[in-house]
There are 2 protein chains.
Amino acid sequence: MMKKNILTGVKEIARRANVSIGTVDRVIHNRTGVSETTKSNILAIMKELDYQPNILARRLASKKLLKFATLIPSMSKETEFWKAPLKGIEQAESEIKQYGIEIEKYFYDQNDKNSFVTQSKKILETEIDGLLVAPIFIEESLEFAKSCNQLKIPQVFINSDIPNESRLSYIGPDLFQSGYLSARLTNYALPESSKILIINISKGIDAYHHLLEKEEGFRAYFKNNKKNNEIIKIDIKQTDYDSIAIRISETLALNPDIKALFVTNSRVFSVAQYLEKSGIKDILLVGYDFLENSIEYLEKDIIAFLICQKPQEQAYKGIMSLYQKLVLNTEVENTYYMPIDIITKENYKFYRN
Amino acid sequence: MMKKNILTGVKEIARRANVSIGTVDRVIHNRTGVSETTKSNILAIMKELDYQPNILARRLASKKLLKFATLIPSMSKETEFWKAPLKGIEQAESEIKQYGIEIEKYFYDQNDKNSFVTQSKKILETEIDGLLVAPIFIEESLEFAKSCNQLKIPQVFINSDIPNESRLSYIGPDLFQSGYLSARLTNYALPESSKILIINISKGIDAYHHLLEKEEGFRAYFKNNKKNNEIIKIDIKQTDYDSIAIRISETLALNPDIKALFVTNSRVFSVAQYLEKSGIKDILLVGYDFLENSIEYLEKDIIAFLICQKPQEQAYKGIMSLYQKLVLNTEVENTYYMPIDIITKENYKFYRN
DNA sequence: CTGAAAGCGCTTACAG
DNA sequence: CTGAAAGCGCTTACAG
């Protein structure tokens, strides 16, 4: 079957308006140098025809290159989590690089505010058209965002949001609600009067708001549902296994009624490791993120539930949002909350992180 | 920034091979009329250059139209489920129609085998390049698949699979495993010795295998975990509310120890309606699918969990698989199991069905 | 068996 | 303020 041979697009508009396609192109892109009369005439015709530009042709003809920068924590054994976002970035990159998009990847140390600042300054020295960032440090991120806004660089945030009206989009979890759901799952199998322990494991005091929001959601569930379980909470600032094990064993010794542990981030695998080594079997363990280590304990029935939010997809969508905005010129959702996924031993094999 | 001015693509290949781009095009598409020597020469150069065709240019230049057909159950009040796949098809359509893809949508009555046969014959009378089908009726679907294979029409199955080596791809749930997970969730909050009731609600005897697979998965969990809960099962063939209510109330009267209900499809909302009307509060209810009706009962704490598998995305991905295969000529996964999503009152607002 | 030319729907200089 | 031409990387007839 062959396409019918009717003029469409710029040519048809030009024909109707009795101008050249060059002029049509000028008004499509709102460039200067067109008289008001021809401009409004062309605009009217475009509207009448419900003109939709052919993106294929546009990209093919355009010689513009676009540069995106990404700034996320570097990946280490301790922060395996950040592997997934990086994969998402690379996935998006491979899809759109043939359309003239280049991505420069920057990384910072999530325990070191200064590294974030250093890297963000580096980015500002280059010329970029769009930015994806995981804004772990609130103040520094706001500062960075301000500079970007001055340079009119659209920014997408992933993983956690910061209060910022001017960003193009946030793509990530609703942290409070994920904590709320965790509480529901925890409560579900809990004996009436048992105590619950919330465990925040994090070196950086700065990245802490992130965990706090989950904790608040968790507490809110028990409050809203008038459950009177006592909730204890500990902060663990030393993230090596031994420190974690000691703190937990002390706490459990003092509070033998604790029947559930809620770990507010991916360090849940360390807690699982402790439970395994100590042979503790009657404590419910709920935590975050789809890391290999944790899956292992899910498999062993030591972790009951993991809450996950598709970090790879967050980053993928983030890049694609920039692409949509800058190349396709389509609308982008200002806030895109990821689904709050519940992972268990029975469904983890089907999960796409 | 401007692209560098180096020859790439067919032109560069042509230059190196000392032939015209027409000839290069012939070997790229494996058309006849090229001498073996030039052919292998061009092939070698393509390999050396790691030639990647520019899809944009290809679609732009090509005047070929592709026609896809879709065959899924029609949507009614009773089968609201099928709204989502239709939306997925339309979503994909709107994305790829500008690239010359047309989609013809066919529907059948999921309670009527014959309507499936009639529609599939209709499709075979038209000329199509690809097919998406929800193969609810095994034998008839196999027959249809056979005809398609003879005509070399690639087929994608969604929602449920049929044993068929020749299909391009299956995109949908692992039914057995979704039942297995349901059992885990059911067992989770269940008093030790309580009975469990499995409820299959379906008019069509033919579409039944679908539900059975979930049931088997469900039973397998209890068996594998050496739980001795008695499991009762009823089949309800009259799908109006009254019939359902009567059957369940009879069963519960005979078995007062039943503390959990597992409904193997979206009709869980009717069961919820019954529980609500009867004022029964201490029975755990688990079922399938993200329907408005069911969400309402999730909200009211009558349904505890819904298992969902993104029906819209299944269909969307299905169409895109055909597009990828036929237009982009890229690999397509033979079997793509959807994640098994757990929906609760606390996370449904973030779900993307 | 092969080449030269036109064209897909745009954008980009350049010229006036 | 506007137009004519070249070109993006392909495909498609057509001619030989």
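Quick caveat, the model's predicted, so the values are computed rather than measured. Residue numbers start from 1 in every chain, and the chains themselves are labelled A, B, ... in the order their sequence lines are given, proteins ahead of strands.
A/E12 and A/R15 are joined by a salt bridge, as a carboxylate oxygen and a charged side-chain nitrogen come within less than 4.0 angstrom of each other. Salt-bridge annotation for A/R16 and A/E48: present, with a side-chain N of the basic residue lying under 4.0 Å from a carboxylate O of the acidic one.
B/Y337 meets the ring-ring contact (aromatic ring centres under 6.0 Å, His included) test with A/F350; sequence neighbours excluded.
The nearest whole Å value for the distance from the CG atom in B/L60 to the C1' atom in D/dC10 is 8 Å. Between B/R15 atom CZ and C/dT2 atom P the separation is 19 Å, expressed in whole Å. Nucleotide C/dT2 holds its P atom 11 Å from the CG atom of B/N41, rounded to whole Å. If you measure from atom CD1 of B/I42 to atom P of C/dC1, you get 13 Å, rounded to the nearest angstrom. In this structure, B/I28 atom CD1 and D/dG9 atom P are separated by 13 Å, rounded to whole Å. Atom-to-atom, CG of B/L56 to P of D/dG9 comes out at 11 Å; the value is rounded to the nearest Å. Rounded to a whole Å, the CZ atom of B/R31 is 14 Å from the C1' atom of C/dC1. Rounded to a whole Å, the NZ atom of B/K39 is 12 Å from the P atom of C/dT2.
The phosphate of C/dT12 (OP1 or OP2) has a side-chain N or O of A/S62 nearer than 4.0 angstrom. Side-chain N/O atoms of B/T23 include one lying less than 4.0 angstrom from OP1 or OP2 on C/dG3.
If you look at B/Y351 and B/F290, their ring centroids are closer than 6.0 Å.
Between B/H29 and B/R26, the residue anchored nearer the 5' end of DNA chain D, judged by the nucleotide with its closest heavy atom, is B/H29. Toward the 5' end of DNA chain C, the nearer of the two residues B/V34 and A/P53, judged by each one's closest nucleotide, is B/V34.
Comparing C/dT12, D/dG9, C/dG9 by their closest approach to the side chain of A/K64 singles out C/dT12. Of the listed nucleotides (D/dG9, D/dG3, D/dC8), D/dG3 has the atom at the smallest distance from the side chain of A/V19. Of the candidates D/dC10, C/dC8, C/dC10, the closest approach to any side-chain atom of B/A57 belongs to D/dC10. Checked against C/dT2, D/dC10, C/dC10, the side chain of A/V10 finds its nearest nucleotide in C/dC10. Residue A/S20 has its side chain nearest to D/dA4 when only C/dG7, D/dA4, D/dC8 are considered. Set against C/dC8, D/dC8, D/dT2, the side chain of B/K11 has D/dC8 as its closest nucleotide. Picking from D/dC10, C/dC10, D/dA4 the nucleotide with the shortest atom distance to the side chain of A/I21 gives C/dC10. Nearest to the side-chain atoms of B/R58 among the listed nucleotides D/dC10, C/dG9, C/dC10 stands D/dC10.
No side-chain heavy atom of B/E143 sits under 4.5 Å from any side-chain heavy atom of B/V117. With a 4.5 Å cut-off on side-chain heavy atoms, A/P339 and B/D341 do not count as touching.
Within the nucleic acid shown, A/T38 comes within 4.0 Å of sugar-phosphate atoms alone, with no base atom in reach, counting heavy atoms only.
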Inset, instruction - Let me have DNA chain D in dot-bracket notation, would you? Count Watson-Crick plus G-U wobble pairs, both distances under 3.5 Å, and use [ ] for pairs crossing earlier ones and | for inter-strand partners. - result: |||.||||||||.|||

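Distance CG/B/L168 to CD/B/Q324: 9.5 Å, rounded to 0.5 Å.
For the salt bridge (Lys or Arg N to Asp or Glu O under 4.0 Å) with B/E93, the lone residue among B/K87, B/K67, B/K105 that qualifies is B/K105.
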